Structures are given as structure tokens and as C-alpha cells.
Amino acid sequence: MTSPNDVDLWEGFSPLAVEELTGPVWDEPVPLTPRRDLPNFPVDALPSWLADMVAAVAEETQTPTDLAGCLALAVIATAAGGRAMVCVRGRWREPVNLFIAVALDPGNRKSAVFTLMTEPLMAVEKALVEQSAAARAEAETTARLAKAAADKAAAKAANAEPGMKDQLTADAIALAQAAEEFTVPCKPQLVADDVTPENLATLLTEQEGRISVLSPEGGIFDIIAGRYSGAPNMEVFLKGHAGDMVRVNRQGRDAQHIERPAVTMGLAVQPEVLESIGQIKGADGRGLLARFLYAQPESLVGRRNLTPDLIPDQVADTYTQHLGGLAMAMAGRTDPAPLTLSPEADAVLLAYQRVTESRIGKGGPLAAIVKWASKRDGAVARIAGLLHLATHPDGAWQRPVDAATMAAATSLGDYFTAHAQHVFDAMDADPAQASAHQVLSRIMDAHLATFTKRELFRQLSRNDFPVMGDLDPALALLEEHGWVRQQPPPPRTGRGGRPPSPRYETHPRLTRGT
């Protein structure tokens with residue numbers, strides 16, 4: 001109950017007096033791009049030797065398990081890509097190569113994780129080069145001798161007496177044809193970095209139809225977009241993912257056909273790169289974007305353990321042994337090893353297909369990413385094949401993929417689906433959102449309770465905001481979402497001159513750090 005004294009205390013005060021003193025009350029701000037509740041990488045879906053390494057690498061480097069987990073799939077695909085095929089049902093076949101892109105801001109130790117996860121592959125590549133050295137030297141010598149014999153026969157035929165010319169010419173032609181048929185094997189290569197489409201096609205020819213692009217940067221997207229050619233060139237990447245025949249024309253050589261190309265990509269890029277690849281002409285329409293499995297985990301920067309547990313030697317040694325063994329075993333195969341499904345595994349995949357089909361129709365939860373979602377069942381089959389190979393690296397093709405492995409692959413499929421939805425949301429976002437995020441970050445870092453437009457402009461990069469007018473869309477978006485509000489301009493003095501720069505105040509949450 002209100003006492004008479006209470007009434008007397010507030011008598012004569014206007015209800016608006018508090019707001020006049022403190023300013024209008026702030027409403028709860030609206031997130032610029034509401035982040036989906038994204039799942040963590042399901043480490044337990046991996047075979048134990050792989051899961052242990054992923055967890056240990058993430059701990060030592062203090063990075064999200066998503067980065068090492070996605071790379072684990074990429075390195076298995078590198079070891080087995082082009083050398084195994086999942087026989088799903090009927091004539092449905094899926095190769096076991098993958099395109100994976102993980103988005104993390106700079107400073108997240110991506111290079112360190114790449115090094116730790118790919119070291120066994122580099123060791124295998126070196127061993128393959130050494131093992132093939134004698135055969136390559138022999139082939140080079142034989143080819144050189146054959147060429148010398150052909151040249152000598154040609155010279156002899158050219159200088160022959162008329163009666164001997166026809167026979168010597170025929171001999172020279174035969175030797176020239178034999179010399180032309182000699183091929184010198186190229187040095188084995190499992191991994192390339194950023195390569196042009198032309199170089200990629202050459203590598204596929206030289207490496208018997210398979211190559212992997214593993215990089216802690218996203219420069220490959222600039223190359224695809226046409227950094228060197230001036231126009232997007234993604235044909236070999238599209239075919240290299242699907243396993244469709246690639247025809248390579250090289251100057252001075254006959255055209256070469258790569259029957260079943262297998263390109264694997266494992267990339268770590270900045271989030272802005274994922275948002276920008278949607279702008280590559282033809283990337284969406286031709287299906288490049290739909291071929292990638294995406295992950296965009298939350299960074300641990302600012303809350304990392306500075307004295308983490310180091311990778312146990314046993315974990316690293318087991319990882320090296322299993323991954324190296326698989327890569328060496330698959331390198332010796334010429335035809336893809338067929339991986340079949342058990343009836344139970346087929347039932348698990350069929351149930352997953354039914355879920356996908358029910359969600360990609362008009363109005364369904366996956367309708368907005370229908371191109372990507374239409375490929376997720378095939379991606380799950382590929383992942384199941386990779387998990388099966390990792391579980392049985394010494395003879396996976398001698399036994400069918402079981403239901404547990406397929407169930408683990410579907411959990412990874414769900415993980416990548418959630419992250420794909422988030423990434424495609426960002427690709428479709430208002431371009432002003434990126435600028436608004438930069439401005440918001442600057443306000444938070446500088447703890448700006450108030451600022452003028454000119455003051456803020458001076459604190460921002462000229463590369464991102466060349467002129468002050470470039471701030472207008474970002475500030476308008478921040479004001480619309482309740483993060484800042486413009487203060488009324490001060491009264492003009494009538495003396496003329498340049499009007500004062502607009503002044504803004506920021507939501508209290510930005511300065512109190514909550």
C-alpha cells in the first residue's frame with residue numbers, strides 16, 4: 001500500500017522526468033544475423049584412432065574440434081579418393097572424395113591443425129616418390145635410348161641409297177612409334193595447394209585420376225572465380241567431384257581422357273570467403289556451392305587454455321600408422337575397390353533418404369537449400385565409405401559397410417546440414433550486414449558509449465570504408481536493430497559553416513560487455 005508520505009514524495013514530478021534525465025529506455029537489440037544453434041562436430045562418429053587424434057589436436061591447439069574433425073574426413077578422402085567406390089543400390093555409385101570448407105577467423109591456428117593432420121600423408125607421398133625412383137629412372141633411360149635409336153634410324157634412312165631407303169624409312173618409323181609409346185611415370189603426388197584449373201587437369205592426368213587440394217587458406221576460390229583467366233573456370237572441379245570423365249588437351253600431345261577423376265578439397269577459410277563465393281558467376285547455378293560440406297564453428301579465441309594437454313605419443317603414432325597404412329594400401333590399386341552395403345546399412349540410408357525427401361519440397365525446412373540438400377544423401381554414402389575404410393584400413397572391400405557405420409555417417413550428415421543452412425543464410429544476407437558487423441565490433445572494442453559519425457569513420461579501415469558515406473547503410477542497419485540511436489542535433493547558431501557530425505549513442509550492452 002502506498003503511504004501518504006510516498007505520494008507527497010513524488011508529487012509534482014512528471015512521469016517523463018526519469019527519461020528526461022536518463023534518456024529513453026533501451027529495448028532489447030535484435031541480432032544482425034541470428035546465429036543458428038549449430039551442433040558441434042560429432043567426434044564419436046569417427047573410428048577410435050581417428051577420434052582420439054581429432055580430440056587431441058583440438059586440445060593441444062585449442063581450436064574447435066570441427067576443424068580437426070573435418071580435416072580428418074578430408075585426409076581419409078585423400079588417402080582413398082579415386083581408389084574406392086560405394087555401391088549404394090542398383091547402379092547408384094558414389095566415389096569417396098569430398099569437398100569440405102571450414103570457416104574460421106584469422107588467429108585460430110588453422111595452419112598448425114593442418115600440419116598435424118596431414119603429416120602422415122606427406123610422409124606417404126615421400127615414401128611413394130622414393131619407391132618409384134628406380135622405376136622412373138629406368139623408364140627415363142629406356143625412353144631416352146628409344147628416342148636416340150629412332151633419331152639415328154631416321155638419319156640413316158635420310159642418307160640411304162635409293163635401294164635401301166624404303167626399308168630403312170620403315171624401320172625408322174617403327175622405332176619412332178615405339179619411342180613415342182614409352183611413358184615416364186611422374187613423381188607420385190597426393191596433395192596440391194592452390195592450383196589453377198589447367199594445372200589441376202594436368203595433375204589428374206599425371207596422378208592417375210586423383211589429387212587432393214588441402215589448404216589453410218581459401219585462395220582456390222579466387223582461382224575458380226577467374227583470378228588468372230578473367231572468367232570463372234570450374235569445369236574440372238565439378239567433374240572432379242562427381243567423377244565424370246575429364247578430357248585434357250595439352251599442346252603437342254594427344255588428348256587424354258580421365259575416366260573417373262577424383263578431386264578432394266579440404267579448406268579452412270575466413271567466414272567472409274564463404275559469403276563471397278556465392279557471388280562467383282555460375283557457382284550456384286552449376287552446383288559448385290552444393291558440392292561442399294560446410295562448417296562454421298565458434299572460435300575459442302579469448303577463452304583458450306594456455307596450458308593445454310599435449311597430443312599423447314601413442315595417439316599420434318597410432319594415427320600415423322593407420323592413415324599411412326591406408327594411403328599406402330590404396331595407392332597400389334588401379335581399379336576402385338567396391339564397397340557394398342549390408343542390408344541393415346541400406347535400410348538406415350533409405351530411412352535417411354526419406355527424411356531428406358520430405359524436407360526439400362516447397363515449404364519444407366530444407367527447401368531454401370534444396371540444391372545442397374539434394375546431394376546430402378550421396379555425401380552421407382561417401383562419408384560412410386570413408387568411415388568404413390578408416391575402420392578396416394587393411395581390407396574394407398572384403399566386408400560390407402554395416403548399419404552402425406551408416407548411422408555414424410548420417411549423424412555427420414545432420415551436422416553438415418545444420419552448418420550448411422547457416423552458411424547459405426550468410427550468403428543470402430544483406431551486403432550491409434557485413435559492414436554493420438565491422439562497425440559493431442569497432443564500437444565494442446573501443447567501448448564507445450557515444451560517438452560522432454566522423455569519429456567512428458576515423459577509427460575504421462579505409463579499405464572497408466573509403467568515404468564517410470559508406471558508413472550510412474551500416475549505421476542505418478544498426479539503428480534499425482536497436483544497437484545505436486542518433487541523438488537530436490544541437491540547435492544551430494545561425495553562424496553558418498559545416499553542420500556538426502551526427503552523434504550516436506550505443507546500447508548499454510555494448511559498453512558493459514554483456
Side-chain angles (χ1 to χ4, degrees), residues 43 45-57 68-87 94-100 113-132 188-192 207-214 243 260 262-266 311 314-341 345 379 381-402 404-406 408-409 412:
V43 179
L46 303 175
S48 59
W49 65 270
L50 200 53
D52 290 346
M53 185 62 174
V54 167
V57 168
C70 288
L71 281 179
L73 294 175
V75 296
I76 296 298
T78 300
R83 300 296 184 268
M85 185 80 67
V86 180
C87 305
E94 288 289 345
V96 292
N97 54 301
L98 297 174
F99 285 8
I100 300 179
V113 177
F114 264 82
T115 298
L116 291 167
M117 297 300 294
T118 60
E119 273 182 335
L121 291 178
M122 300 299 100
V124 168
E125 186 177 284
K126 182 180 179 181
L128 291 172
V129 170
E130 292 173 352
Q131 288 179 8
S132 65
Q189 184 174 350
L190 297 177
V191 178
Q207 302 304 319
E208 299 179 339
R210 69 164 180 172
I211 196 66
S212 183
V213 179
L214 303 179
R260 289 182 294 269
V263 177
T264 289
M265 285 205 277
I311 301 171
Q314 182 181 357
V315 169
D317 292 345
T318 302
Y319 174 73
T320 298
Q321 178 185 354
H322 282 74
L323 179 58
L326 176 63
M328 289 297 290
M330 301 306 286
R333 297 193 65 91
T334 53
D335 294 325
L339 306 178
T340 60
L341 306 185
R382 295 184 183 208
I383 292 171
L386 292 173
L387 297 181
H388 183 65
L389 286 163
T391 304
H392 309 287
D394 55 347
W397 46 92
Q398 296 173 355
R399 65 190 79 191
V401 178
D402 60 27
T405 299
M406 185 60 72
L412 284 161

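Values in this document were obtained by computation on a predicted structure and should not be read as measured data.
- Minimum interatomic distance between Leu326 and Leu389 (heavy atoms only, all atoms of both residues): CD1-O, 4.1 Å.
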Would Asn97 and Met265 count as a side chain to side chain contact (heavy atoms under 4.5 Å, CB included) here? Give the steps.
CA-CA 8 Å; Asn97 54 301; Met265 285 205 277; over 6 Å; no
What's the verdict on side chain to side chain contact (heavy atoms under 4.5 Å, CB included) for Leu98 and Leu386, showing C-alpha distance, side-chain angles and the deciding distance?
CA-CA 10 Å; Leu98 297 174; Leu386 292 173; 3.4 Å; yes
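- Considering all non-hydrogen atoms of both residues, Ala56 and Val315 come closest at CB-CG1, 4.2 Å.
- Note: Trp397 CH2 to Met330 CE = 5.5 Å, rounded to the nearest 0.5 Å.
- For the pair Thr78/Arg210, no side-chain contact is recorded, criterion being any heavy-atom separation below 4.5 Å from C-beta on.
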Working for side chain to side chain contact (heavy atoms under 4.5 Å, CB included), residues Met53 and His322:
CA-CA 11 Å; Met53 185 62 174; His322 282 74; over 6 Å; no
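- Although no hydrogens or angles enter the test, the distance criterion places a donor-acceptor pair under 3.5 Å between the side chain of Trp49 and the main chain of Ala390.
- Residues Arg382 and Pro95 are in side-chain contact: their nearest non-hydrogen atoms beyond the backbone lie under 4.5 Å apart.
- Put simply, the side chain of Arg260 reaches to within 4.5 Å of the side chain of Pro336, judged on heavy atoms.
- Listed for the His388 side chain is a donor-acceptor partner under 3.5 Å among the backbone atoms of Arg399.
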Please table the atom pairs, donor to acceptor, closer than 3.5 Å between any side-chain atom in residues 68-77 and protein atoms at least two apart or in another chain.
none

Would Leu387 and Met406 count as a side chain to side chain contact (heavy atoms under 4.5 Å, CB included) if you check the C-alpha gap in whole Å, the side-chain angles of each, and the deciding distance to 0.1 Å?
CA-CA 9 Å; Leu387 297 181; Met406 185 60 72; over 6 Å; no
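- Looking at every heavy atom in both residues, Thr391 comes nearest to Pro47 through OG1-CG, 3.4 Å.
- Nearest approach of Ala381 to Val86, heavy atoms of both residues: O-CG2, 3.6 Å.
- A donor-acceptor pair shorter than 3.5 Å cannot be found between the side chains of Thr320 and Asp317.
- Taking CG of Asp402 as the reference point, atom CG of Leu341 lies at 10.0 Å (rounded to 0.5 Å).
- In this structure, the salt bridge (Lys or Arg N to Asp or Glu O under 4.0 Å) partners of Glu208, at least two apart in sequence or on a different chain, are Arg83.
- Here the side chain of Gln189 pairs no donor or acceptor atom with the backbone of Gln207 at under 3.5 angstrom.
- Between Leu121 and Leu214 the shortest side-chain heavy-atom distance falls below 4.5 Å.
- Between Pro338 and Cys87 the shortest heavy-atom distance is CB-SG, 3.9 Å.
- Nearest heavy atom pair, residue Ala316 against residue Ile311, reads CB-CG2, 4.0 Å.
- Checking side-chain atoms of Tyr319 against main-chain N and O of Val54 turns up no donor-acceptor pair under 3.5 Å.
- Within a 6.0 Å radius of CD in Gln314, no more than 12 heavy atoms belonging to other residues, nucleotides or ligands are found.
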